[in-house]
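Below is one structure, written out as structure tokens; comments come after it.
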Amino acid sequence: MTNHKNPDSALNQPVPMELSEIRDGINQVDYELIDLLRRRRELSLNVARNKELTDNILRDQNREQELLAKLIKLGKDSGLEANYVMKLFHAIIDDSLTIQRDYFQNKINPEVDLNKQRKISILGGNGSYSFFAAQQFFTSKPEKNIFLGCDNFEEVIRTVEDGEAEYAVLPIENTTSGGINEVYDLLLNTSLSIVGEEKFQVQHCLIGKAGTKLEEITSILTHPEAKRQCSHYIAHKLNTKIDLQESTAHAADMVSNSQTTVSDKNSCMAAIASEETAKLFGLEVLEKNIANQKENWTRFVIASAKPGKASLKLPCKTSLVLSTGQKPGSLAEALLLFRDQEITLTKLESRPILGKPWEQMFYLDLEGNISDPRVKSTLEELTRLCRFVKVMGCYPVKSLAPTRLTPNQLAHSQANVDKPLVTQHTSKPSARKSYHLASREHNPHDTIIEVKGVKLGGDQFTVISGPCSVESFDQIMACAKHASEHGSTILRGGCFKPRTSPYSFQGLEYEGLDYIVQAGETYGMPIITEVMNTKDVQRIALQADMLQIGARNMQNFSLLKAVGKINKPVMLKRGLMSSLDELLNAAEYILSQGNLQVFLCERGIRTFETATRNTLDLSAIPILKQKTHLPVIVDPSHAVGQRDLVIPMAKAAKAVGAHGIMIEFHPNPEKALSDGPQALRFEQFAQLMRDLYPSIS
Ligand code: PEP
Ligand code: MN
């Protein structure tokens with residue numbers, strides 16, 4: 001044996017190195033790894049650029065599986081365990097997908113400036129779960145995030161509606177406690193759109209000041225949702241008070257600012273919140289993982305005033321809210337549409353409709369992009385079956401589950417790369433009318449509007465009646481009584497009045513609305529009133545059963561869009577100088593926003609004739625009935641402007657097939673604050689009703 005080393009065995013018997021030398025070597029490898037990861041990212045971005053030019057979609061699971069299998073084999077040959085290689089590459093592939101997803105999304109939403117600061121409204125302040133979820137969502141340029149902490153969900157939404165913030169981050173469901181009802185209800189009435197989602201693993205802990213002893217805790221502070229999710233743990237804390245706070249961050253803040261020391265046996269506070277929150281408030285984790293379920297995830301939605309677009313390259317979700325008719329099987333019929341088109345529903349939640357006992361709103365999430373013709377046509381089909389369909393948003397799905405290999409695939413890593421993953425549905429663009437949802441072609445069946453048991457449309461002839469304006473409580477009560485006693489089923493009365501002169505009576509506004517609501521309730525009649533301003537839509541819709549868009553606002557497109565987002569029937573009056581086509585396009589504005597309960601009203605148009613206030617275009621009725629499935633009524637009062645002429649024209653409206661009429665009457669027309677000359681006297685109205693419905697005596 002010599003001291004000379006055999007060169008062949010040099011690898012097996014490495015020369016001992018200095019520790020610093022070894023560390024330098026490791027550092028060098030790490031730098032190279034970083035550089036390699038950077039280069040891999042660049043290549044990934046180029047893949048996205050390339051996919052943009054082709055039909056390829058973001059995720060090619062077959063290619064991912066093939067790649068993973070190859071790498072695992074390579075790793076094995078180099079002595080690296082499969083699990084280790086798999087974990088590393090899951091992270092790397094995930095990064096690639098995120099890079100590519102952001103690339104596609106930024107391309108399709110160029111107006112979103114990533115270099116600008118973004119204000120994000122959340123429940124609670126820094127340290128709340130919403131805060132962490134938002135941080136997780138807005139990862140690109142996190143230094144641009146500015147958080148606006150709110151005390152409740154309503155404020156989170158309102159601050160974005162008012163333009164104080166650009167995004168609202170709202171928890172919508174939890175894997176332990178289910179849907180968060182308050183948020184669902186708020187989403188129904190907001191004009192915001194969902195532009196993204198985030199899934200956040202909520203790991204509830206009991207946190208407190210350093211040194212807190214578990215047995216000495218007298219009260220636990222937390223948010224009601226966290227309480228629900230930790231109900232089993234709390235059930236064992238018999239002598240502890242549960243003190244509900246507006247957010248978990250606020251609870252942690254209270255504990256950290258409490259004046260009592262940990263040795264104060266009478267008042268020892270702890271909070272349920274996350275470990276990160278504990279750190280943020282200088283508290284300690286006293287007990288970990290106290291939620292009922294270990295896998296406790298909360299899904300958040302990100303809402304914004306501007307609807308975002310989702311790239312067709314990405315796996316997307318579309319969130320809808322709908323209400324079906326009260327017919328047996330109507331929900332099943334709606335759901336079958338999705339089955340027939342092979343569209344997967346990932347969520348179905350129902351919430352009661354305020355003011356309509358036992359009627360439900362359904363919230364659906366489906367896998368698919370609203371710009372995909374297959375999804376588009378399914379949603380159009382849905383408008384035939386529903387009373388209300390609102391698309392809340394279409395956005396890329398959050399968690400793209402990492403590609404897994406089955407043991408079989410691990411052994412034989414031949415994946416079928418040639419088979420396309422998704423067959424893109426292609427349909428030729430069809431020549432369309434400027435309006436579609438309103439057309440008979442779209443829905444051959446008459447739309448029937450039903451509110452509080454009163455029907456309008458189909459074979460019905462419905463009389464809407466009341467004064468031009470609500471003038472006082474007594475006046476509207478007297479009108480409601482008279483209308484209901486003579487067979488009129490819907491009560492009208494203007495509270496916001498569109499008047500030619502700014503000096504004329506403008507209406508009692510919300511005070512008048514309270515009066516007519518009370519009158520309607522007293523006499524069991526749904527009420528209709530005009531809305532003139534976008535900002536009043538939500539508030540009026542909360543109280544009124546139906547909304548009226550007046551002739552002067554027929555082409556107020558922002559107002560039309562706003563009433564299109566609510567779930568109350570809308571009467572759209574024909575504009576003073578509008579063609580029937582323009583009327584139908586105006587209706588389309590409302591329908592296209594999701595509100596399918598629209599009916600039209602012919603109220604006379606401007607012509608050269610001055611003998612009447614306007615000229616009643618009666619031929620509009622049979623023409624509209626051919627062109628649209630929406631109910632059509634006639635307002636002879638505003639058409640002719642003189643009470644004695646109103647009566648024959650009301651009868652004529654019935655004769656030409658209108659679905660109803662709207663008539664103005666007044667207890668004392670000479671004293672009326674608006675449109676007195678056209679208001680029928682009570683006796684005239686009673687006689688007209690007897691003539692219209694011969695069986696009523
Ligand atoms: C009304 O019905 O109160 C009204 C103002 O009518 P129009 O919008 O048709 O003038
Ligand atoms: Mn009037």
Side-chain angles (χ1 to χ4, degrees), residues 456 462-471 475-476 479 483 488 490-502 504-509 512-513 516 527-533 536 540 544-556 559-560 563 569-578 580 582-583 586-587 590 598-607 612-618 620-621 624 632-643 645-646 649-650 653 658 660-681 685:
L456 201 151
T462 307
V463 177
I464 303 174
S465 67
C468 179
S469 302
V470 176
E471 297 172 3
Q475 175 241 23
I476 191 68
C479 290
S488 168
I490 300 173
L491 179 67
R492 70 149 281 152
C495 305
F496 294 85
K497 296 300 300 175
R499 303 304 301 277
T500 304
S501 164
S504 303
F505 174 61
Q506 305 283 310
L508 294 184
E509 305 193 346
L513 185 57
I516 190 172
I527 62 142
I528 182 163
T529 196
E530 177 163 354
V531 56
M532 288 172 41
N533 203 317
D536 292 312
I540 296 180
D545 302 295
M546 297 178 158
L547 298 184
Q548 169 174 333
I549 299 291
R552 290 155 195 81
N553 274 317
M554 190 201 86
Q555 285 189 320
N556 180 341
L559 185 61
L560 297 178
V563 296
V570 174
M571 177 174 82
L572 177 65
K573 298 189 87 172
R574 181 177 179 182
L576 278 72
M577 307 274 276
S578 300
L580 295 181
E582 286 163 341
L583 173 62
I590 306 175
V598 176
F599 61 106
L600 308 174
C601 178
E602 161 59 42
R603 46 78 72 206
I605 46 174
R606 273 277 160 88
T607 65
T612 45
R613 185 176 175 179
N614 292 289
T615 300
L616 180 58
D617 180 10
L618 276 178
I621 310 309
L624 286 171
V632 186
I633 70 158
V634 170
D635 168 0
S637 304
H638 291 90
V640 295
Q642 302 160 45
R643 74 177 64 84
L645 297 177
V646 170
M649 297 320 278
I661 48 170
M662 181 160 91
I663 294 282
E664 286 183 355
F665 66 85
H666 195 281
N668 187 354
E670 281 69 29
K671 291 269 168 65
L673 297 180
S674 60
D675 286 350
Q678 72 197 34
L680 298 192
R681 299 183 193 287
F685 178 73

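Order of listing sets the numbers, starting from 1, for every ligand and every atom in it.
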Give the residue and atom name of whichever protein heavy atom lies nearest to atom 3 (O) of ligand 1, and the separation in Å to one decimal. Arg492 NH2, 2.8 Å
For atom 4 (C) of ligand 1, the closest protein heavy atom turns out to be His638 NE2, 3.5 Å
So do Asp545 and Ile527 actually touch side chain to side chain, heavy atoms under 4.5 Å? yes
Is there side-chain contact between Leu576 and Arg552, with at least one heavy-atom pair below 4.5 Å? yes
Is there a donor-acceptor contact under 3.5 Å from the side chain of [X] to the main chain of [Y]?
| X | Y | value |
| --- | --- | --- |
| Glu602 | Asp617 | yes |
| Gln678 | Gly676 | no |
| Arg643 | Ala679 | yes |

What atoms of ligand 1 come closer than 4.0 angstrom to any heavy atom of [X]?
| X | value |
| --- | --- |
| Gln548 | 1 (C), 2 (O), 3 (O), 4 (C) |
| Glu530 | 5 (C) |
| Lys497 | 3 (O) |
| Met662 | 2 (O) |
| Ala551 | 7 (P), 8 (O), 9 (O) |
| Arg552 | 7 (P), 8 (O), 10 (O) |
| Gly550 | 8 (O) |

Any donor-acceptor pair under 3.5 Å linking the side-chain atoms of Asp675 with those of His666? no
Check Asp675 and report its N/O/S atom nearest to the Mn ion (ligand 2), by atom name. OD2
Please determine which of Ser465, Pro467, Cys468, Ser469 meets the side-chain contact (heavy atoms from CB on, under 4.5 Å) test together with Glu664. Cys468
Passing candidate, side-chain contact (heavy atoms from CB on, under 4.5 Å) with Val470, options Thr529, Leu513, Leu491, Ile516: Ile516
Determine, considering heavy atoms only, which of Arg603, Lys573, Glu602 sits nearest to atom 2 (O) of ligand 1. Lys573
Quick check for you: with the Mn ion (ligand 2) as the vertex, what angle do NE2 of His638 and OE2 of Glu664 span, to 10°? 80°
